[in-house]
Amino acid sequence: MEASGRPWRGSRPRALLAQILMSKEERAEAVELLHQAMEEYLAAAEEFLRLADIVAAWEDRAVHTLVATDAATTLAMADRWDAAGTAYERAVASHAEAPNPSLIVHMMCEFARLTMASQGADGVDTALDHLTQADAIRGAVPEGTEDFVPWYESGTVHYRRAVVLAEAERYPEALTEAEAAIAANDEGGEHGEGSRAEAVRIAALIEGKGLGRFKEAIARLTTAAARCRKADLPEAARLDALRQDYLTR
């Protein structure tokens, strides 16, 4: 199932536009857009629940894992956390029978993100627990497993943990995790350059806005942006923009 075909994708632009409208104090329009987005998430969640019932009798457990992970994430997006938790547990159980570690790690990272989006700092322990579970899943994957890229999965979990900790204003811990994400993506060579650049951006945000260490953050951004330009990556523009912002402080 390709991401572009997922039924909730259309809701994300609406949610983003709603945030912009909120910032301009156009609250009525923002609320309407958010309602529309939530309706799409709910509709997608209902579709996945029906699909889960259909495939329940199938012998192919890999399909169960796929459907359960998508259902869990979509239900969480729709703010149906009890049902999302049930689907989450179903996905983990299916994974035990038909392993798909990349899919499960992605689901757990998404739950960490969505928990923070829903609960804010109150959800930090729950979010971190999801990431601890993700570490356990990836740590148990045998070396050489097909379709599992250790450096990428490691970088993904460290990146998400950095963001969670930063949102909880635990900046020193967050920076340590961002550094770990950078190191993990370094292992991917040219394949890891894009995700490495994003990890650097998060590290610089934490270092500058969180810890007030703008000089160090500027140095980090300067080096990373030059590296991106050498690799002809569009991420250079975002790094340069943040660097310019810091230079004016």
Side-chain angles (χ1 to χ4, degrees), residues 12-27 30 34 77 106 108-132 134-135 151-152 154-186 188 192-231 233-249:
R12 291 185 174 179
R14 283 201 184 100
L16 179 58
L17 180 56
Q19 290 179 351
I20 295 170
L21 290 171
M22 278 287 196
S23 70
K24 295 182 177 180
E25 298 188 353
E26 297 179 27
R27 300 187 185 280
L34 287 172
M77 287 178 173
H106 174 74
M108 291 172 170
C109 287
E110 278 292 275
F111 262 68
R113 180 182 69 82
L114 292 167
T115 296
M116 294 301 292
S118 175
Q119 302 178 31
D122 290 340
V124 65
D125 289 339
T126 301
L128 290 174
D129 182 62
H130 286 306
L131 297 173
T132 297
D135 276 333
W151 65 262
Y152 176 80
S154 175
T156 297
V157 177
H158 282 300
Y159 172 86
R160 182 52 52 193
R161 188 179 286 112
V163 174
V164 167
L165 290 166
E167 289 176 353
E169 298 185 357
R170 291 164 56 174
Y171 299 121
E173 296 170 81
L175 184 57
T176 297
E177 288 297 321
E179 296 279 11
I182 294 168
N185 286 299
D186 264 333
E193 287 295 332
S195 49
R196 182 190 186 279
E198 173 59 13
V200 169
R201 188 183 71 85
I202 290 298
L205 283 169
I206 295 166
E207 202 164 34
K209 296 184 178 181
L211 296 171
R213 289 159 40 182
F214 291 104
K215 182 178 179 180
E216 292 87 342
I218 289 168
R220 181 194 298 276
L221 290 165
T222 301
T223 301
R227 179 167 172 163
C228 286
R229 280 191 290 274
K230 184 177 180 180
L233 294 177
E235 286 83 353
R238 296 188 76 189
L239 298 176
D240 280 333
L242 183 56
R243 177 179 176 275
Q244 289 301 318
D245 177 43
Y246 282 0
L247 285 169
T248 64
R249 293 173 183 265

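For reference, positions follow the sequence shown, starting with 1. Given the structure is predicted, the values throughout are model-derived calculations rather than measurements.
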Where do [X] and [Y] come nearest, in terms of heavy atoms and distance?
X: Arg160; Y: Ala112; value: CG-CB, 4.0 Å
X: Trp151; Y: Ser195; value: CZ3-OG, 4.2 Å
X: Ala225; Y: Ala236; value: O-CB, 3.8 Å
X: Leu131; Y: Cys109; value: CD2-SG, 3.9 Å
X: Ile182; Y: Ala199; value: CG1-CB, 3.7 Å
X: Ala162; Y: Ile206; value: O-CD1, 4.2 Å

Please say whether more than 12 non-hydrogen atoms of neighbouring residues, nucleotides or ligands are located less than 6.0 Å from OH in Tyr171.
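Result for OH/Tyr171: enclosed.
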Rounded to the nearest 0.5 Å, how far does [atom2] of [Y] lie from [atom1] of [X]?
X: Arg238; Y: Asp240; atom1: CZ; atom2: CG; result: 12.5 Å
X: His158; Y: Asn185; atom1: NE2; atom2: CG; result: 10.0 Å
X: Thr115; Y: Met108; atom1: OG1; atom2: CE; result: 12.0 Å
X: Arg243; Y: Thr248; atom1: CZ; atom2: OG1; result: 11.5 Å
X: Asp245; Y: Phe214; atom1: CG; atom2: CZ; result: 8.0 Å
X: Gln244; Y: Leu221; atom1: CD; atom2: CG; result: 10.5 Å

Heavy-atom side-chain proximity of [X] to [Y] below 4.5 angstrom:
X: Arg213; Y: Leu175; answer: yes
X: Tyr246; Y: Lys209; answer: yes
X: Arg227; Y: Val200; answer: no
X: Arg170; Y: Leu128; answer: yes
X: Arg201; Y: Leu242; answer: yes

Going by side-chain hydrogen bond (donor to acceptor under 3.5 Å, both in side chains), name the residues that satisfy it together with [X], two or more places apart in sequence or in a different chain.
X: Gln119; result: none
X: Asp129; result: Gln133
X: Arg220; result: Glu179, Glu207
X: Glu235; result: none

Taking distance alone, no hydrogens or angles, what donor-acceptor pairs closer than 3.5 Å link side-chain atoms of residues 120-127 to residues at least two apart or in another chain?
none

Decide side chain to side chain contact (heavy atoms under 4.5 Å, CB included) for Leu211 and Glu216; before the verdict, give the C-alpha distance in whole Å, the side-chain angles of both, and the deciding distance to 0.1 Å.
CA-CA 10 Å; Leu211 296 171; Glu216 292 87 342; over 6 Å; no
Using salt bridge (charged side-chain N to carboxylate O under 4.0 Å, His left out) as the criterion, list what pairs up with Arg161, not counting sequence neighbours.
Asp135, Glu177
